[in-house]
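No experiment lies behind these values; they were computed from the predicted model shown. Order of the sequence lines fixes the chain letters, A, B, ..., with proteins taken first and strands second; residue numbering starts at 1 for each chain.
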Amino acid sequence: MPAAVEFRSVSRHFGPASAPIKAVDGVDLTIAEGAFFAMLGPSGSGKTTCLRLISGFESPTAGEICIFGQNVSNTPPHLRNVNTVFQDYALFPHMNVRDNVAYGLMVKGMGRAQRYAKAEEMLALVHLDAYGSRKPGQLSGGQRQRVALARALVNEPKVLLLDEPLGALDLKLREAMQDELKSLQQRLGITFVFVTHDQHEALSMADSLAVFNDGKIAQIGTPAEIYAQPKTRFVADFVGSSNVLPPALTQSLGGPAKWSSLRPETLHIDPAGALSGIVTSLRYLGSGHRVAITTQGQDIAAILPSGTALPEPGQEIRLGFPPEALHVMVDP
Amino acid sequence: MTAILPAKSIADRLTTLFWRKPKLLLALLITPPLLWLGVIYLGSLAALLLQSFYSIDEFSGMVVREFTLKTYGELLRPQNYDIILRTLTMSAAVTIGSVILAFPIAYYAARYAKGRWKAVFYLGIMLPLWSSYLVKVYAWKLILAKEGILTWAVTQTHTNFLLDAALALPGIGGNSLSTSYIGMFLVFTYVWLPFMILPMQAALERVPTSMLEASQDLGATSSQTFRTVIVPLALPGIIAGSIFTFSLTMGDYIIPQIVGNSANFIGMAVYQLQGTAGNTPLAAAFAVIPIVIMLIYLSLAKRAGAFDAL
Ligand SMILES: Nc1ncnc2c1ncn2[C@@H]1O[C@H](COP(=O)(O)OP(=O)(O)OP(=O)(O)O)[C@@H](O)[C@H]1O
Ligand SMILES: [Mg+2]
């Protein structure tokens with residue numbers, strides 16, 4: 001079975017060939033059918049451009065893109081069985097919600113009664129049954145987001161692209177929508193490609209994810225792999241609140257002379273521990289405490305479960321960790 | 001340290017006053033334009049309306065200041081009714097012609113022109129407006145005249161048959177372009193085109209690119225996107241432009257005098273009636289027609305949902 005989306009050394013450069021802006025640069029990527037795939041990366045790292053390459057609004061300057069095994073280089077956006085939920089939702093302001101949702105069916109020539117029935121079905125799926133006659137301007141941000149989702153899903157796409165769809169929502173609504181999106185995806189079995197720059201969102205929702213940096217993929221894998229075994233310093237920095245240790249410190253902890261990462265929750269107070277330092281801050285997290293110490297000019301954070309006897313700021317303490325917790329990174 | 005700095009000058013006191021009473025500043029700012037609009041503009045409009053309900057004494061030629069609908073009745077006389085119909089048809093044709101010509105230009109300017117090309121576009125649209133209207137109309141008369149540049153050009157390119165075919169059209173053809181309705185249509189369309197392009201371009205510029213991409217993404221072809229997204233969203237701008245071209249054509253009295261077969265138009269009729277004929281009431285009644293037509297047009301447009309995208 002072919003992959004839902006496949007990139008073969010795809011590049012998209014903008015500007016003059018002498019000094020190109022490498023928005024996407026030599027990306028290889030395989031997204032399995034039915035997967036919830038997240039693209040994570042800082043602003044300007046090429047996530048949106050990747051999505052636009054899949055939807056057809058950009059063409060690669062090198063490499064090729066296959067959707068379900070078919071090379072789509074010469075296929076215009078409206079002939080690709082791919083739909084997008086735009087970052088600003090892009091709902092048509094002059095149509096009501098029902099017409100917005102039925103739009104894709106209308107342009108394919110489906111009759112009015114049939115397409116309205118399908119639109120209502122979709123609106124029910126996103127819990128907006130009663131809103132069909134409203135104009136987009138009369139909806140809240142979360143409701144618009146769901147209309148945009150229904151409008152894309154009604155076409156029964158093989159791949160659904162979502163560009164930071166939750167970016168404009170407040171925290172509570174965001175979490176509710178995360179759950180809703182995830183369960184919708186599992187129920188419908190559609191391949192989701194989800195762009196975000198929120199690492200928690202990516203880790204909690206995706207089956208697999210790609211971390212972008214400067215138009216290249218820094219690492220691709222399952223959330224657990226990316227979180228526990230970051231390949232590069234960039235990934236460790238960006239994905240987790242992991243401690244990133246320089247080669248010298250890694251060596252002094254018994255590792256090789258390479259960069260390594262050490263997750264805060266693996267650290268505990270231990271009088272015989274390998275790490276010693278001065279406590280610089282102490283923060284209450286609800287489920288525990290976050291203690292920051294400084295050692296060899298490096299800040300290290302530890303998360304201590306509640307119930308632990310807490311040190312005072314300024315005090316010198318020792319921290320220990322199980323040997324397998326020290327993750328040595330392959331790349332510099 | 002004091003919490004409040006002392007008011008140093010009259011300016012400080014004034015800004016404090018305006019800060020405490022923001023409505024005062026607003027009132028000061030909008031009173032002059034409101035007076036202008038209310039008294040001079042709307043007032044004269046009311047006077048005009050009033051005049052149209054007077055009539056003229058046929059023997060003495062004096063205006064009878066008594067309320068009557070007689071003057072409006074006169075509009076229905078065949079020769080007056082013809083003027084109205086002729087003006088309306090010309091205005092509609094000029095408006096449609098302008099929409100068709102303006103759309104591609106406005107679309108290009110709104111979607112593709114960037115930086116320097118945008119400046120070139122604005123200059124190209126505005127430049128003709130800076131030269132005298134009369135100069136432009138007379139220039140067109142020369143272009144369209146029987147011995148004019150256009151005739152020369154079609155002779156040189158051996159396309160006389162096209163011009164002859166156009167001139168042979170019944171009703172709108174004529175001896176030469178400068179003495180035909182076709183010529184008048186061309187000149188009207190030329191002089192009012194900027195008034196269609198600019199609002200149209202402004203409306204198109206407000207349509208976000210993501211809206212067009214969403215339409216394509218949902219499977220619409222370019223022509224479907226054009227019909228179901230671009231046109232409805234640009235409609236307020238098209239309506240605004242058509243208000244200009246329509247009302248400007250309806251009120252114009254110079255172009256029909258210089259170009260065309262000297263058939264009468266509303267503007268010319270008003271000019272003659274209130275000037276030489278001294279029939280101010282009938283002139284006023286004629287002048288009310290464009291206003292009524294525009295009101296009908298706008299309410300129809302509103303009912304058709306032209307302003308839904310606003
Ligand atoms: N049409 C374009 N012309 C020139 N440069 C572009 C164009 N589109 C994108 N870029 C550049 O390509 C790079 C990647 O852009 P992209 O929009 O893919 O980033 P992103 O990862 O989606 O960022 P964000 O999280 O801010 O949305 C940026 O440096 C951007 O300036
Ligand atoms: Mg983006």
Calculate, to the nearest 0.5 Å, the distance between atoms CE and CG belonging to B:Met211 and A:Asp88 respectively.
7.5 Å
Near B:Tyr108 OH, under 6.0 Å, is it more than 12 heavy atoms from other residues, nucleotides or ligands?
yes
A:Val82, part contacting chain B, at a heavy-atom distance under 4.5 Å
backbone
Inspect the surroundings of NZ in B:Lys136 and state if more than 12 heavy atoms from other residues, nucleotides or ligands are less than 6.0 Å away.
yes
May I have the step-by-step check of side-chain contact (heavy atoms from CB on, under 4.5 Å) for A:Phe92 and B:Ser215, ending in yes or no?
CA-CA 9 Å; A:Phe92 304 125; B:Ser215 171; 4.0 Å; yes
Chain B contact via A:Leu91 - side chain, backbone, both or neither, heavy atoms under 4.5 Å
backbone
For B:Phe244, look at atom CZ and say whether over 12 heavy atoms of other residues, nucleotides or ligands are found less than 6.0 Å away.
no
Do A:Tyr103 and B:Thr228 have a side chain donor and acceptor closer than 3.5 Å?
yes
Could you walk me through whether A:Asn83 and B:Leu218 pass the side-chain contact (heavy atoms from CB on, under 4.5 Å) check?
CA-CA 6 Å; A:Asn83 286 116; B:Leu218 293 164; 3.9 Å; yes
Using atom types as modelled and distance alone, determine if a side-chain donor or acceptor of B:Asp217 lies under 3.5 Å from a backbone N or O of A:Pro77.
no
Answer yes or no: does atom CZ of B:Phe18 have more than 12 heavy-atom neighbours from other residues, nucleotides or ligands under 6.0 Å?
yes
Taking A:Arg80, A:Arg52, A:Met106 one by one, which has the highest count of heavy-atom pairs under 4.5 Å against chain B?
A:Arg52
Please rank A:Gly104, A:Ala148, A:Ala90, A:Pro76 by heavy-atom pairs under 4.5 Å with chain B and give me the top one.
A:Ala90
Taking atom CZ as the centre, does A:Phe68 end up with more than 12 heavy-atom neighbours from other residues, nucleotides or ligands that are less than 6.0 angstrom away?
yes
Interatomic distance, A:Ser55 atom OG to B:Glu213 atom CD [nearest 0.5 angstrom]
7.5 Å
Between A:Arg151 and chain B, which part of the residue has a heavy atom less than 4.5 Å away: side chain, backbone, both or neither?
both
State, yes or no, whether a side-chain contact exists between B:Ser210 and A:Gln87 at a heavy-atom distance under 4.5 Å.
no
Rounding to 0.5 Å, atoms NE2 (A:His78) and CD (B:Gln224) come to a distance of 8.0 Å
Got a sec, which pairs hit side chain to side chain donor-acceptor pair (under 3.5 Å) with one end in residues 19-32 of chain B, sequence neighbours left out?
none
Taking CD in A:Glu156 as the centre, count heavy atoms belonging to other residues, nucleotides or ligands within less than 6.0 Å. Is the count above 12?
no
What pairs of residues pass the side chain to side chain donor-acceptor pair (under 3.5 Å) test when at least one of them lies in residues 61-71 of chain A, not counting sequence neighbours?
A:Arg8-A:Glu64, A:Glu64-A:Asn71, A:Asn71-A:Ser73
